[in-house]
Amino acid sequence: MPELPEVETIKNSLKTCLKGQTIKSCEVSLPKLVSPDDFAEKIKGQSINDLKRRGKVLLIFLRNWVLLVHFKLTGQLIYLENPLSPPPYTHIEFSLEKGKLYYADLRQFGRLVLWPVKELDECPLLKKLGPEPFELNIDTFFRLLNKSSRKIKTFLLDQEKITGLGNIYVDESLFRAGVHPERPANSLSFEEAQRLLKTIKEILNEAINLGGSSVRNYVDGHGESGRFQEKHLVYGRRGKPCPKCQKPLAYAHIAGRGTTFCPYCQK
DNA sequence: CCGAAACCCTGTGAGC
DNA sequence: TGCTCACAGGGTTTCG
């Protein structure tokens, strides 16, 4: 599922080929995925000026609109210069000057929102997002942690506290930093918070460098898989030996998410 | 304030 | 082998 490193990879993979192109037309076959209702008419004729990312949201800057894409679990944006047929589960098709851009989504959880550039900050997809992990310094992070008595896993998944982390990178970060997922956020010492934030940034960077994690159906804008899933130490490895102590990895439901961790190595 | 659960979806894989 | 069914999960909403 596209978390920060995956969306960053999608953005980078699409930027060169989309920038400067004009959207000639757009066909929506699953209207619930888009807003507003006249999405297709509004986007027609718009030129693509730039691509950015905020948290897990991809922003495609058009002439006077921004197309915001939230991929949720199984959304994909695929650009084909010489399309023969749409990718499976395609629900939206953008015809460009050169080639086509497809939005495919197996579970139909994703959303595409067209929003006026001038009022971008007001868009519900962005409005309540917390700081980007890379722009977060330890003093701010520690202060945020201290204000919350929720479990650290719940805290890290909360996009209003820090944006971009999902289930994979939270589990991986907590394991590498040696922090138990059920620890109250405000119980972490300054040193633990320092280690955790450093670990989060390291893991996100490594994942971006490897093109993200391809679990489920994640691929970049050219249909290429990522390779960071090969580096996962705990995610998807419940019951298997802990990479550090060899005891079986434990599993629990925290914040409604499956959580894999080592009860011996994570304190 | 906090947490738990339902909801939106459908492919996958475990179990019978 | 073939079927059924719980499970997976990001974000939102509702309820306790």
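Order of the sequence lines sets the chain letters (A, B, ...), proteins ahead of strands, with each chain counted from 1. Computed from a prediction, not measured in an experiment: that's the story for all the values here.
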Return yes when atom CZ of Phe190(A) has more than 12 non-hydrogen atoms of other residues, nucleotides or ligands closer than 6.0 Å, and no otherwise. yes
With distance as the sole criterion, is a donor-acceptor pair present between the side chains of [X] and [Y] under 3.5 Å?
| X | Y | value |
| --- | --- | --- |
| Tyr79(A) | Ser13(A) | no |
| Thr163(A) | Lys56(A) | no |
| Tyr169(A) | Glu6(A) | yes |
| Asn167(A) | Lys153(A) | yes |
| Asn217(A) | Thr74(A) | no |

With ring pair (Phe, Tyr, Trp, His ring centres under 6.0 Å) as the test, would you mind laying out the steps for His91(A) and Tyr103(A) before giving the verdict? CA-CA 6 Å; His91(A) 303 301; Tyr103(A) 180 76; 7.3 Å; no
Encode nucleotides 9-16 of chain B as B, S and - characters from 5' to 3', where the letter depends on protein heavy atoms closer than 4.0 Å: B to the base, S only to sugar-phosphate, - to neither. BBS-----
At under 4.0 Å between heavy atoms, how does the protein contact nucleotides 11-16 of chain C? Give one character per nucleotide, 5' to 3', with B, S or -. B-----
Show the atom names and distances, to 0.1 Å, of all donor-acceptor pairs under 3.5 Å that link a side chain in residues 137-144 of chain A to residues at least two apart or in another chain.
| from | atom 1 | to | atom 2 | distance (Å) |
| --- | --- | --- | --- | --- |
| Asn137(A) | OD1 | Asp139(A) | N | 3.2 |
| Asn137(A) | OD1 | Thr140(A) | N | 2.9 |
| Asn137(A) | OD1 | Thr140(A) | OG1 | 2.8 |

For atom NE2 of His253(A) and atom C1' of dA6(B), their distance in whole Å: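 These atoms are roughly 14 Å apart.
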How close or far is atom C1' of dG10(C) from atom CZ of Arg111(A), stated in whole angstroms?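 Atom CZ in Arg111(A) sits about 11 Å away from atom C1' in dG10(C).
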For a quick test of your reading: what N or O donor-acceptor pairs under 3.5 Å do the side chains of residues 107-115 of chain A make, sequence neighbours left out?
| from | atom 1 | to | atom 2 | distance (Å) |
| --- | --- | --- | --- | --- |
| Gln108(A) | OE1 | Lys32(A) | NZ | 3.2 |
| Arg111(A) | NH1 | Gln108(A) | O | 3.4 |
| Trp115(A) | NE1 | Glu119(A) | O | 2.9 |

Can you check whether Tyr251(A) has a side-chain N or O nearer than 4.0 Å to OP1 or OP2 of dA8(C)? yes
Are Tyr235(A) and dG9(C) close enough that a side-chain N or O sits under 4.0 Å from OP1 or OP2? yes
Take Asp50(A) and Lys19(A), measure what salt bridge (charged side-chain N to carboxylate O under 4.0 Å, His left out) needs, and give me the verdict at the end. CA-CA 6 Å; Asp50(A) 204 5; Lys19(A) 253 177 106 165; 3.7 Å; yes
What does the list of N/O pairs under 3.5 Å between the protein and nucleotides 1-5 of chain B look like, with a distance for each?
| from | atom 1 | to | atom 2 | distance (Å) |
| --- | --- | --- | --- | --- |
| dG3(B) | OP2 | Arg150(A) | NE | 2.9 |

Run the side chain to side chain donor-acceptor pair (under 3.5 Å) test on His232(A) and Ser213(A) for me, step by step, so that the C-alpha distance in whole Å, both residues' side-chain angles and the decisive distance to 0.1 Å come before the verdict. CA-CA 9 Å; His232(A) 292 175; Ser213(A) 301; 2.9 Å; yes
Check the pair Thr154(A) / Arg150(A) against side chain to side chain donor-acceptor pair (under 3.5 Å), numbers first and verdict last. CA-CA 6 Å; Thr154(A) 309; Arg150(A) 306 165 86 185; 5.7 Å; no
Set out, in order, the CA-CA distance, both residues' side-chain angles and the distance that settles salt bridge (charged side-chain N to carboxylate O under 4.0 Å, His left out) for Lys72(A) and Asp105(A), then state yes or no. CA-CA 9 Å; Lys72(A) 296 285 181 80; Asp105(A) 196 338; over 6 Å; no
Through what angle, rounded to 10 degrees, does the axis of the helix from dC2(B)-dG16(C) to dC16(B)-dG2(C) turn between its ends, using five pairs per end?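 End-to-end axis angle: 60°.
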